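In what follows, a structure is listed as structure tokens, so that the remarks can point back to it.
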Amino acid sequence: MVFELTWKVTYNDGLTFYQNRENKYPKIDRSKLSLFQLLKGDKVVLSLDLDNDKNLFYRRRVSKSFGGKEEVVYLVGWHSGNKEKEINYIFEDGHIETNNEWISDHKWFYKPKLHSCEN
Amino acid sequence: MVADVNIFFDFGGTDSNPGTEQDTDELGPPNIRFKQEDNATIDTNNPVPIPTTGSNFSYWKHVYLQCGSAPDTQIDNIKFYTDGGGFGTGIFLNIGSETPTKNSGSNSGYEVADTASTMSGNHTEIINVLNAFSFTSGSTKDVSISEASNIIDAIGETSDYIIFQLVVDNSASPGNLADETLTIRYDEV
């Protein structure tokens, strides 16, 4: 069974929309972004308040072994101009781990390549 | 929907024109076998003999990640690693330091395996070889992407090649080896 979460955004004017083939991650208007949520079905797994100068980042991180065994961790968080950050890791069993620094030699907790919209 | 991504290897054909793109999920287990022949058959034929001196080599294998269904936006940050184990005394799994070009428009990094010689210096694109088992989950090897913008965002797009070769020296013991786990990790958005 594939571990899949979807995201939902809420803007500061109350408008909401969900991830789909038309609503893609780079198209999120970060100037109006108020809330970023990860959902499993219709259940909220994680909710991230993004007021002020918090820059959202988000990834689905996949580890695939020869033979097809797959492990997935979602990472979602924010970083700010004063170098503060919050990173949340959502594991397949549902538990969440939070950190405020990247760990370069960890299996999951290393920094992604940030996209231009995330800087 | 999330991307569908699989691990492939190419074999046969001619330089820059592989004859077959093989999905490793369709094989085995094990899903790849190093031997002194260039095919995908999981059998006990064409083993790498133990030399009386020096080293013997398997034919090299060109491995890569291929996108079967596209991500919403892109795949990047590809890394390779192992379980850090190994095949035992006198048996080594080499990995090319370089990651030759493979993408949806080019296989220029493919050099057909037609000899059981070291890939270092015999494969045009490989200069240095490293111990594959030195790469673990916390110390990975980066795998490049030569698709447009250096990302994978469409069906059929691939990573560049990761090239492997088994090496056996005279201190090895005979017999079939226990399976080892090789892993590729990537970020998707």
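In this text the structure is predicted, and so the values were computed from the model without any measurement. Sequence lines set the chain letters: A, B, ... in the order given, protein chains first and strands last, and positions in each chain run from 1.
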Does A:Leu33 belong to the same Ile/Leu/Val/Met/Phe/Trp/Tyr cluster as A:Leu48, with side-chain heavy atoms less than 4.5 Å apart forming each link? yes
With only heavy atoms counted, which part of B:Val63 is less than 4.5 Å from chain A, the side chain, the backbone, both or neither? side chain
Evaluate the side-chain proximity of A:Phe66 to B:Pro30: yes if any heavy-atom separation is below 4.5 Å, no if none is. no
Contact leader toward chain A among B:Asp25, B:Asp72, B:Thr24, where contacts are heavy-atom pairs under 4.5 Å: B:Asp72
For A:Asn119, does the CG atom have more than 12 heavy-atom neighbours from other residues, nucleotides or ligands under 6.0 Å away? yes
More than 12 heavy atoms from other groups under 6.0 Å of CZ on A:Phe17: yes
Distance in Å, A:His115 NE2 paired with B:Thr73 OG1, rounded so as to fall on 0.5 Å steps: 8.0 Å
Please flag which part of B:Pro71 lies under 4.5 Å from any non-hydrogen atom of chain A: side chain, backbone, both or neither. backbone
With respect to A:Ser65, which candidate in B:Leu182, B:Thr181, B:Asn31 satisfies the side-chain contact (heavy atoms from CB on, under 4.5 Å) definition? B:Thr181
Kindly work out whether a path of hydrophobic side-chain contacts (I/L/V/M/F/W/Y, heavy atoms less than 4.5 Å apart) joins B:Val167 to B:Ile163. no
Would you kindly confirm whether B:Tyr59 and B:Ile162 end up in one hydrophobic cluster when ILVMFWY residues are joined by side chain heavy atoms under 4.5 Å apart? no
Side chain, backbone, both or neither of A:Val2 within contact of chain B (heavy atoms, under 4.5 Å): side chain
Tell me, side chain or backbone of B:Ile184 under 4.5 Å from chain A's heavy atoms, or both, or neither? both
If one checks every heavy atom of A:Thr6 against chain B at 4.5 Å, the contacting part turns out to be neither
Interface moiety of B:Asn6 toward chain A, non-hydrogen atoms closer than 4.5 Å: both
Which region of A:Phe109, side chain (C-beta onward) or backbone (N, CA, C, O), has a non-hydrogen atom less than 4.5 Å from a non-hydrogen atom of chain B, or is it both or neither? neither
Please indicate whether A:Asp42 has more than 12 foreign heavy atoms, meaning atoms of other residues, nucleotides or ligands, lying under 6.0 Å from its CG. no
Does B:Lys79, at its NZ atom, have more than 12 non-hydrogen atoms belonging to other residues, nucleotides or ligands within less than 6.0 Å? yes
Heavy-atom distances under 4.5 Å only: say whether B:Gln74 touches chain A with side chain, backbone, both or neither. side chain
So which of A:Arg61, A:Lys113, A:Arg60 actually passes salt bridge (Lys or Arg N to Asp or Glu O under 4.0 Å) with B:Asp187? A:Arg61
Are A:Leu114 and A:Ile28 co-members of a hydrophobic cluster defined by side-chain heavy atoms under 4.5 Å apart? yes
Shared ILVMFWY cluster between A:Leu39 and A:Leu15, side chains joined below 4.5 angstrom? no
Heavy-atom contact with chain B under 4.5 Å, split by part of A:Lys27: neither
Tested for side-chain contact (heavy atoms from CB on, under 4.5 Å) against B:Arg185, the lone hit among A:Lys107, A:Lys64, A:Glu71 is A:Lys107
Testing the basics here: between B:Val189 and A:Tyr25, what is the closest heavy-atom pair and its distance to 0.1 Å? CG2-CD2, 3.4 Å
